[in-house]
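Hydrogens, waters and symmetry mates play no part in the numbers below; they use all other heavy atoms, side chains included.
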Protein chains: 2
Amino acid sequence: MAVVRDREATKAKLLEAALAEFAKHGIAGARVDRIAAKAGCNKAMIYAYFGSKEDLFDEVLRIQIARVVEAVPITPDDLPGYAGRLFDVYQQQPELLSLAGYHRLENGFEAISKAEGDAHTEKVAAVAEAQRSGVLPQDFDAEELLALVVHMSILAFSTPVATRELVVRAVARLLS
Amino acid sequence: MAVVRDREATKAKLLEAALAEFAKHGIAGARVDRIAAKAGCNKAMIYAYFGSKEDLFDEVLRIQIARVVEAVPITPDDLPGYAGRLFDVYQQQPELLSLAGYHRLENGFEAISKAEGDAHTEKVAAVAEAQRSGVLPQDFDAEELLALVVHMSILAFSTPVATRELVVRAVARLLS
DNA sequence: GCGTGTCAACCAACTAGTTGGTTAGACTGT
DNA sequence: ACAGTCTAACCAACTAGTTGGTTGACACGC
């Protein structure tokens with residue numbers, strides 16, 4: 001098999017391997033040797049392309065968050081559906097939930113990526129607007145309401161009995 | 001200063017130091033040397049008393065879970081209050097939330113301690129009984145309802161805007 | 001002296017990160 | 001088309017430091 005020298009392809013392979021490794025073992029538990037082996041290239045490539053193990057993690061997380069933010073736009077007039085779609089994404093890509101979980105545990109709330117922060121601000125504004133126009137109940141603060149909905153969407157993180165229907169029904173009940 | 005030779009006291013110090021270390025860094029990120037140093041004793045003690053790093057983690061988690069299970073008995077006729085009390089415990093001892101989070105991420109749902117499992121079964125039964133007697137709505141399965149309540153109690157895991165009042169109100173809304 | 005608790009010193013295995021040198025493939029002038 | 005040149009992707013082998021875990025000697029109370 002001919003050796004392919006393709007910067008972007010190699011970076012993509014490393015990112016894919018890193019996603020699996022970090023999701024399974026967290027930052028501290030991940031091994032750069034395993035990532036390189038799985039990507040089928042040398043460990044030095046990680047340092048050439050990403051700088052360090054932590055930088056690689058940050059990049060992987062950034063990409064995954066961006067993917068979700070893009071794939072699941074908020075629908076303030078249908079928050080149960082929004083939670084359901086988030087739930088779907090987490091079911092299809094459980095790595096994201098693990099990744100975010102490890103990131104939260106190892107870095108706390110402070111180290112939230114800018115992309116996520118901006119998207120969050122926009123979503124709070126959208127919820128607040130929907131509250132003003134009467135589509136959503138006003139007895140929860142916009143930020144709190146969004147937090148509740150998002151938290152419900154990660155129900156699968158805390159229990160194996162989580163189902164999409166349960167999440168949707170629970171959010172609907174919160175809004176009643 | 002005289003050296004104190006007290007098996008139980010040393011074990012307790014190690015457990016306390018291990019709790020802090022594991023909560024902060026997880027299993028993979030925790031360092032036995034740091035645990036021993038913080039406990040003010042040699043790391044050989046960890047292996048004499050607990051066998052291995054993982055065994056020590058298991059013991060720490062077991063103790064913390066038992067503490068919560070005992071400190072916060074379920075009150076099926078007041079699930080908002082139950083969630084609130086769980087929230088309080090997690091606020092007072094954030095280590096438990098981290099510990100459980102790491103355990104869940106690194107071992108999945110399979111490796112749940114027997115103590116937790118038994119307590120859970122009892123709680124589901126208590127919720128089901130309350131549903132039969134009409135104290136709780138019956139449109140959620142007992143297991144699902146308990147999962148929702150417990151999940152709400154760990155709201156602080158997913159958002160910094162979590163407050164006790166928010167958790168209590170959200171659970172109350174779920175039951176309406 | 002004896003059993004128990006303690007620890008400094010130790011080790012083999014492993015870790016993230018580096019380096020010197022190699023080579024595929026694109027570009028060049030002819 | 002084609003030999004010569006250069007750039008950048010690539011990696012085996014290495015370094016320096018860290019890791020979980022062990023052990024033999026010592027300290028203490030009886």
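Checking C:dC7, C:dG17, D:dG21 against every side-chain atom of B:Met45, the shortest atom distance belongs to C:dC7. Checked against D:dA9, D:dG20, C:dG17, the side chain of A:Thr10 finds its nearest nucleotide in D:dA9. Side-chain proximity of A:Arg5 to the nucleotides D:dG20, C:dT23, C:dC7 is greatest for C:dT23.
To the nearest angstrom, C1' of D:dC11 lies 13 Å from CD1 of A:Ile46. In this structure, A:Arg34 places its CZ atom 11 Å from C1' of C:dC14, rounding to the nearest Å. Remark: C1' of C:dG17 and CG of A:Leu56 are 14 Å apart, rounded to the nearest angstrom. For A:Lys13 and D:dA9, the NZ to C1' distance is 13 Å, given to the nearest whole Å. Rounded to whole angstrom, the span from the CD atom of A:Glu8 across to the C1' atom of D:dA9 amounts to 12 Å. Put simply, CZ on A:Phe50 is 16 Å from C1' on C:dG17, counting in whole angstrom units. Between the CG atom of A:Asp6 and the P atom of D:dC11 there is a distance of 13 Å, rounded to whole Å. Look at CG on A:Asp33: it is 6 Å from P on C:dA16, rounded to the nearest Å.
For CD of A:Glu16, the number of neighbouring non-hydrogen atoms (other residues, nucleotides, ligands) closer than 6.0 Å is 12 at most.
B:Ala30 comes within 4.0 angstrom of the backbone, heavy atoms only, and of no base. Heavy atoms of A:Tyr49 sit under 4.0 angstrom from primed sugar atoms or phosphate atoms, though from no base atom.
No side-chain donor-acceptor contact under 3.5 Å links B:Glu95 to the backbone of B:Leu19.
Linking Ile, Leu, Val, Met, Phe, Trp and Tyr whenever their side-chain heavy atoms come within less than 4.5 Å puts A:Met152 and A:Leu97 in one cluster.
Within the 6.0 Å centre-distance limit, the rings of B:Phe157 and A:Phe157 are counted as a close aromatic pair.
Contact between the side-chain N/O atoms of B:Ser52 and the OP1/OP2 oxygens of D:dG20 is not found at any separation under 4.0 Å. Under 4.0 angstrom from either OP1 or OP2 of D:dA9 there lies at least one side-chain N or O belonging to A:Arg7. Contact between the side-chain N/O atoms of B:Tyr47 and the OP1/OP2 oxygens of D:dG21 is found at a separation under 4.0 Å.
Here the closest non-hydrogen pair linking B:Leu174 and B:Leu148 is CD1-CB, 4.2 Å.
Judged by atom type and distance alone, B:Lys43 reaches the base of D:dG21 through a side-chain donor-acceptor pair under 3.5 Å. The base of C:dA8 sits with one of its N or O atoms less than 3.5 Å from a complementary donor or acceptor on the side chain of B:Asn42.
In this structure, A:Arg31 and A:Ala44 both approach DNA chain C, and ranking their closest nucleotides by distance from the 5' end singles out A:Arg31.
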